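Reviewing the structure listed below.
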Amino acid sequence: IQNHQNSAAKKELVNAISLGEQIFPKKRHPTFIKTYLLGSKIYFDQKLYTKSIELLNKPIEASLSEDILWNHQDEIKTNWVEFIPEYLEAMVEKSNVLFKMGLQTDQINYIEQASNELYDCIAVIQKHQKRRTSDDISKKYYLLYKKLYENGLKINYYLWKTTRQNKYLYQAFEFAERNKNGLSVELLQGMDVFPISNMPESTLRKEYQLKKDIQYYQTLSIEGNENQQSQALKKLMLLYNEEEKFYHNLEKFHPKYYQSKYEFTPITVREIQDKIPNKEVLMWHTTFVDGIEYIFLISKNKVLTYDYQAEKYIPIINKIAQNNYKELIVIPDFSTKWNRLEA
């Protein structure tokens, strides 16, 4: 890409895919998926977006569907084998390509599809969050989650500015909120010890061990030899049944613990407005993405939005002053420069 030798890169990509299909016939190995991710970047650099998406769809499909022979009699269609960061990377990159396609062609349906892809990604994350530990969150997924939520904010904010449909405004705020609280909750979901919960230590150990066992056999089902893969799938069938019973009992007997770790739903604009006591209170919610600050001013009956570079705060301050608010609640992003607010 740096030397603009794309034709040579494409030729090597074809060779790599051909070789990979021989080595990894099930196409789910992370090394093989990386081949498609790199290939999509080659075509993206040439603005060949359709071909870039075609390559991204390969790892997405390989990650999300697999016919597994659980025993000699029953074949079960499962939605998941292993939750790998390469799947997330492909989904996030696909939304980015669709966004660029929409901007290039001036077709809003591509941009709407980009948003939908990210919601599909969140659904998969939520479904399989019980199988992750703190090591996974910090080392593998944290930056990908952040990129996912930031993409969702940018895409839906663009849709809001273009269409002025409120649903996109609310979705933009949802991604901004996920970028703040969602990342914190992801860390919480992966915690191996939760001392404030008053949970029995045996239950905490069981929870952790289940996660590690499932991760181990999921990896073996992909990276092991043929016999190891077969044995791993049999073990996973038993572990999935055990996991289902464990979390059912956890939700039943320890509901607060279960809900705090596994049932995060971001607060909505309407819920915030319901909680604001009167017209004299204003909430300033700011998220900093790619050098732009996305600002949501939420009052009892109105939502104002701004996407400003750092120095353009005067119109916002004037708006606050004109409405004579008595209380201003500032919820900043980590990157917000506080001296701007003081000024």
Side-chain angles (χ1 to χ4, degrees), residues 1-66 79-125 128 136 139-156 158-159 175 222-223 289-290:
I1 291 172
Q2 287 179 342
N3 297 319
H4 305 289
Q5 295 177 347
N6 290 299
S7 59
K10 290 176 189 174
K11 183 179 178 180
E12 293 298 339
L13 176 66
V14 171
N15 293 336
I17 291 175
S18 177
L19 180 61
E21 287 176 342
Q22 297 175 44
I23 299 173
F24 308 114
K26 292 189 176 180
K27 302 180 179 62
R28 290 190 286 113
H29 197 284
T31 300
F32 188 51
I33 289 177
K34 287 176 183 176
T35 308
Y36 286 123
L37 291 170
L38 184 58
S40 74
K41 292 177 182 177
I42 294 170
Y43 285 98
F44 181 82
D45 181 64
Q46 295 184 283
K47 296 182 171 57
L48 299 173
Y49 298 133
T50 302
K51 184 64 177 179
S52 179
I53 287 178
E54 180 184 324
L55 287 170
L56 288 169
N57 282 335
K58 299 285 188 179
I60 292 170
E61 292 165 1
S63 297
L64 286 182
S65 62
E66 182 78 10
N79 288 328
W80 198 257
V81 177
E82 186 196 15
F83 189 70
I84 54 178
E86 287 77 16
Y87 160 76
L88 268 181
E89 188 176 346
M91 288 290 282
V92 172
E93 190 56 36
K94 183 179 178 182
S95 74
N96 186 46
V97 177
L98 286 166
F99 185 44
K100 294 291 186 182
M101 283 179 67
L103 296 178
Q104 183 190 53
T105 62
D106 202 28
Q107 294 189 40
I108 202 165
N109 60 304
Y110 286 128
I111 302 175
E112 290 173 330
Q113 187 183 345
S115 177
N116 292 336
E117 291 287 341
L118 293 178
Y119 273 107
D120 289 345
C121 196
I122 289 173
V124 173
I125 290 171
H128 298 277
D136 301 321
K139 294 179 182 177
K140 296 180 181 178
Y141 300 115
Y142 184 88
L143 292 178
L144 278 172
Y145 287 152
K146 186 170 179 61
K147 187 175 180 181
L148 186 160
Y149 299 144
E150 289 179 351
N151 272 17
L153 170 56
K154 289 191 294 185
I155 289 167
N156 281 281
Y158 178 87
L159 287 168
F175 278 101
I222 292 176
E223 300 181 6
V289 179
D290 293 343

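Bear in mind that the values here come from a model prediction, so they are computed numbers and not experimental data.
Nearest heavy-atom pair, Y36 versus P59, reported as atom, atom and distance to 0.1 Å: CB-CD, 3.7 Å. Annotation for E112 and L159: closest pair CG-CD2, 4.0 Å, computed over non-hydrogen atoms. Residues L153 and F175 approach most closely at N-CB, 3.5 Å, considering heavy atoms. Annotation for V97 and I53: closest pair CG1-CG1, 3.5 Å, computed over non-hydrogen atoms. Across all non-hydrogen atoms, the minimal contact from D120 to Y87 is O-OH, 4.5 Å. Considering all non-hydrogen atoms of both residues, K10 and I42 come closest at CG-CG2, 4.1 Å.
Judged by distance alone, with hydrogens and angles left aside, the side-chain atoms of S95 form a donor-acceptor pair with the main-chain N or O of V92 at under 3.5 Å.
Remark: E117 CD to M91 CE distance equals 5.0 Å, nearest 0.5 Å. Within the model, atoms CZ of F24 and CG of L19 stand 8.5 Å from one another, a figure rounded to the nearest 0.5 Å. To the nearest 0.5 Å, atom OG of residue S40 and atom CG of residue D45 are 11.0 Å apart. Between atom CG of residue L98 and atom CD1 of residue I155 there is a gap of 8.0 Å, rounded to the nearest 0.5 Å. Atom CG of residue L55 and atom CG of residue L38 lie 10.0 Å apart, to the nearest 0.5 angstrom. In this structure, I60 CD1 and L88 CG are separated by 10.0 Å, a value rounded to the nearest 0.5 Å.
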L56 vs S52, side-chain contact (heavy atoms from CB on, under 4.5 Å): CA-CA, chis, key distance, verdict: CA-CA 6 Å; L56 288 169; S52 179; 4.3 Å; yes

Stepwise ring-ring contact (aromatic ring centres under 6.0 Å, His included) test for Y49 and F44: CA-CA 6 Å; Y49 298 133; F44 181 82; 5.4 Å; yes

Salt bridge (Lys or Arg N to Asp or Glu O under 4.0 Å) evaluation trace for K147 with E150: CA-CA 5 Å; K147 187 175 180 181; E150 289 179 351; over 6 Å; no

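Residue-environment remark: NZ (K100) stays at or below the threshold of 12 foreign heavy atoms within 6.0 Å. Applying the 6.0 Å contact sphere to CG of N15 captures more than 12 heavy atoms from other residues, nucleotides or ligands.
Ring-plane geometry between Y145 and Y149 is classed as parallel, the angle between the planes falling under 30 degrees on a 0 to 90 degree scale with a further cut at 60.
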